[in-house]
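None of the values given here were measured: they were computed from a predicted structure.
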Amino acid sequence: CKQHSIVFNGYSPFGSGRRAKDMLEEPKLVEIAKRHNVSSAQVVLNWQWSLGIPVNPETASLKHQKENLDIFSFKLSTTEKGVISRLHSTS
């Protein structure tokens with residue numbers, strides 16, 4: 001994709017329906033979020049962005065819109081990124 005200048009986009013970065021709710025309530029994500037004083041959604045968006053994936057979260061909630069824009073106020077450690085990366089492979 002890089003060779004052809006194609007960029008992946010995180011169109012639905014949290015999944016949808018029950019899967020999204022389950023993912024955002026994942027204890028390891030919640031723990032990381034608490035450590036940084038942010039939401040688990042912000043952690044996911046920050047992690048995806050750190051992988052070079054532009055994200056496009058959709059919400060009608062003004063509160064969530066503001067949170068979704070505030071994903072650069074904290075930095076995930078290499079260890080935290082690894083924990084998040086392994087979540088998908090173990091679910």
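If you chain together hydrophobic residues whose side chains sit under 4.5 Å apart, Val30 and Ile71 never meet in one group.
Of all the heavy atoms in Trp49 and Pro54, the pair that sits closest is CZ3-CA, 3.6 Å. When all heavy atoms of Val43 and Ala33 are compared, the closest pair comes out as CG2-CA, 3.6 Å.
Take Leu69 and apply the side chain to side chain contact (heavy atoms under 4.5 Å, CB included) test, not counting sequence neighbours, and it matches no residue. Residues forming a side chain to side chain contact (heavy atoms under 4.5 Å, CB included) with Lys66 (at least two apart in sequence, or on another chain): Leu62. For His64, there are no ring pair (Phe, Tyr, Trp, His ring centres under 6.0 Å) partners, not counting sequence neighbours.
In this structure, CG in Leu51 is found 7.5 Å from NZ in Lys81, a value given to the nearest 0.5 Å. With values rounded to the nearest 0.5 angstrom, Glu26 atom CD is found 5.0 Å from Leu87 atom CG. Expressed to the nearest 0.5 Å, how far CD1 of Ile32 lies from OG of Ser77 amounts to 7.5 Å. With rounding to the nearest 0.5 Å, the separation of CG in Asp70 from CD in Gln65 is 14.0 Å. How far OG of Ser40 is from NZ of Lys28: 15.0 Å, rounded to the nearest 0.5 Å. Considering OG of Ser39 and CG of Leu45, their distance stands at 7.5 Å, rounded to 0.5 Å.
Inspection of the His36 and Gln42 side chains reveals no N or O donor paired with an N or O acceptor under 3.5 Å.
By the 4.5 Å heavy-atom criterion applied to side chains, Glu80 and Arg35 are counted as neighbours.
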